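All values reported here derive from a predicted model rather than from experimental measurement. We number each residue from 1, following the sequence as shown.
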Amino acid sequence: MTHNISSNWPPSYTAYGITLSPLSQDMIETVRKWRNAPQIADLMLDKSHITAEQQQAWFDGLQGDTSRAYWVTHFKGEPIGIASLINICHNSGQAEPGMYVYPKQYKNNIVPFCIGFALNDFAFEQLKLTMLFGKIYSDNTASLRFHKKCGYNEYDVSSSELIKVNLTVSDYQIAKKPIARFIRY
């Protein structure tokens, strides 16, 4: 179900030194190359190689769909990855966030937290969502550790392959406080 939030969907959003810019036609080939890179594709639920035609069809399908939002993340003016909210349900106040960072130099420092916090703040403060859900491969210990530091809780570990996590506004605010104080952007 889509809602007519505005014709400017998704809007740009800036916080923690990160700018979330709506994914645009001129960036879809760069994003496709990032997404097909083994270090990104290997962590995706769908690991298949994406062709230019598939990418264009997917991008065309995003237009006017307010149940999905994709942004290019910019740090110090440089595009460095993707942030997204999918399965946005305004009635239940829920969505599934996602993100990846392409340049290696931004992966093992505070920058992913800046992206995650900007995305979460947008979801909770701008969209007024109340719960975020995620799925993480059980062997992706870095992602699991990151999600736990952001306040996510495991709620379904019945699968040996995927761990399901969720994040409430209050758990996020508690987890964010000790990390956000180190962000100087």
Notebook entry, point to check: Under the criterion side-chain hydrogen bond (donor to acceptor under 3.5 Å, both in side chains), which of D171, N120, D121 is the partner of K176?
Noted result: D121
Next item on the list: Show your reasoning for whether side chain to side chain contact (heavy atoms under 4.5 Å, CB included) applies to T73 and V101.
Entry: CA-CA 8 Å; T73 58; V101 176; 5.8 Å; no
Notebook entry, point to check: Is the number of heavy atoms from other residues, nucleotides or ligands within 6.0 Å of CG (D42) greater than 12?
Noted result: yes
Item checked: Minimum-distance pair of heavy atoms, taken over all atoms of A95 and L129 -> CB-CD1, 3.6 Å
Margin query: When you measure from the side chain of Q63 to the backbone of F59, do you find a donor-acceptor pair of N or O atoms at a distance under 3.5 Å?
Written below: yes
Item checked: Separation between CD of Q94 and CG of L127, rounded to the nearest 0.5 Å -> 13.5 Å
Notebook entry, point to check: For K149, does the NZ atom have more than 12 heavy-atom neighbours from other residues, nucleotides or ligands under 6.0 Å away?
Noted result: no
Checklist line | Closest non-hydrogen atom pair between D65 and W9, with its separation | finding: O-NE1, 3.4 Å
Check: Under 3.5 Å, is there a donor-acceptor pair between the side chain of T19 and the main chain of T14?
Finding: no
Check: Atom CZ in F113, atom CD1 in I179: separation rounded to 0.5 Å?
Finding: 4.5 Å
Check: Any donor-acceptor pair under 3.5 Å linking the side chain of K135 with the backbone of K164?
Finding: no
Next item on the list: Report yes or no: does K47 contribute a side-chain atom to a donor-acceptor pair with the main-chain N or O of M44 at less than 3.5 Å?
Entry: yes
Margin query: Any non-hydrogen side-chain atom of P22 less than 4.5 Å from a side-chain atom of S12?
Written below: yes
Margin query: Between L43 and Y137, is the side chain to side chain contact (heavy atoms under 4.5 Å, CB included) condition met? List the steps.
Written below: CA-CA 8 Å; L43 301 173; Y137 280 113; 5.8 Å; no
Notebook entry, point to check: Roughly how far, to the nearest 0.5 Å, is CD of Q126 from CZ of F122?
Noted result: 6.0 Å
Margin query: For a 4.5 angstrom cut-off between non-hydrogen side-chain atoms, does V72 reach I80?
Written below: no
Check: Is the backbone N or O of T51 less than 3.5 Å from a side-chain atom of Q54, with the two atoms forming a donor-acceptor pair by type?
Finding: yes
Notebook entry, point to check: What heavy-atom pair brings F133 and P97 nearest, and what distance separates the two atoms?
Noted result: O-CD, 3.2 Å
Next item on the list: Flag the pair E29 / R32 as yes when at least one side-chain heavy-atom distance between them is below 4.5 Å, and no otherwise.
Entry: yes
Checklist line | W71 ring center within less than 6.0 Å of Y13 ring center | finding: no
Next item on the list: State plainly whether one hydrophobic cluster holds both W34 and L62, where clusters connect Ile, Leu, Val, Met, Phe, Trp and Tyr through side-chain heavy atoms under 4.5 angstrom apart.
Entry: yes
Item checked: Expected output: side-chain R35 to main-chain A41 donor-acceptor under 3.5 Å -> no
Check: Looking only at atom types and distance, does a side-chain atom of Q55 sit under 3.5 Å from a main-chain N or O of I28, one as donor and one as acceptor?
Finding: yes
Notebook entry, point to check: Can you say whether the rings of F124 and Y172 are parallel (under 30°), tilted (30 to 60°) or perpendicular (over 60°)?
Noted result: tilted
Check: For the side chain of N36 and the backbone of H49, is there at least one donor-acceptor N/O pair under 3.5 Å apart?
Finding: no
Item checked: Note, N153 side chain near L167 side chain (heavy atom, < 4.5 Å) -> no
Notebook entry, point to check: CG of L144 to CD1 of I163: how many Å apart, nearest 0.5 Å?
Noted result: 4.5 Å
Check: Between H74 and L20, is a side chain to side chain contact (heavy atoms under 4.5 Å, CB included) present by the stated rule, with each step listed?
Finding: CA-CA 6 Å; H74 295 264; L20 304 176; over 6 Å; no
Margin query: Ignoring hydrogens, what is the shortest heavy-atom contact between A118 and A15? Give both atom names and the distance.
Written below: CB-O, 3.9 Å
Notebook entry, point to check: Is the backbone of S143 close enough, under 3.5 Å, to the side chain of N140 for a donor and an acceptor to pair up by distance?
Noted result: yes
Checklist line | Gap between atom OH of Y152 and atom CZ of F146 - 0.5 Å precision | finding: 8.0 Å
Checklist line | Within-4.5 Å side-chain heavy-atom neighbours: H90 and K128 | finding: no
Note to self: Name the residue from N109, I110, I115 that meets the side chain to side chain contact (heavy atoms under 4.5 Å, CB included) definition with P112.
What the structure shows: N109
Next item on the list: Measure the CD1-CG distance between I82 and L119 for me, rounded to the nearest 0.5 Å.
Entry: 11.5 Å
Check: So if you build clusters from Ile, Leu, Val, Met, Phe, Trp, Tyr with side-chain heavy-atom gaps below 4.5 Å, do M131 and Y155 land together?
Finding: yes
Item checked: In one Ile/Leu/Val/Met/Phe/Trp/Tyr side-chain cluster, 4.5 Å: Y102, M27 -> yes
Next item on the list: Go through I136 and H147 one step at a time and tell me if the side chain to side chain contact (heavy atoms under 4.5 Å, CB included) criterion holds.
Entry: CA-CA 9 Å; I136 304 164; H147 281 79; 3.5 Å; yes
Check: Under 4.5 Å between side-chain heavy atoms, hopping through other hydrophobics if needed: is there a path connecting F117 to V165?
Finding: yes
Next item on the list: Might you point out which heavy atoms bring A123 and L85 nearest each other, and give the distance in Å?
Entry: CB-CD1, 4.0 Å
Check: S160 and S138: which non-hydrogen atoms are nearest, and at how many Å?
Finding: O-OG, 2.7 Å
Check: Out of curiosity, does Y16 fall in the hydrophobic cluster containing V169 (side-chain heavy atoms, cut-off under 4.5 Å, transitive links)?
Finding: yes
Checklist line | Donor-acceptor pair, side chain of R68 and main chain of G61, under 3.5 angstrom | finding: yes
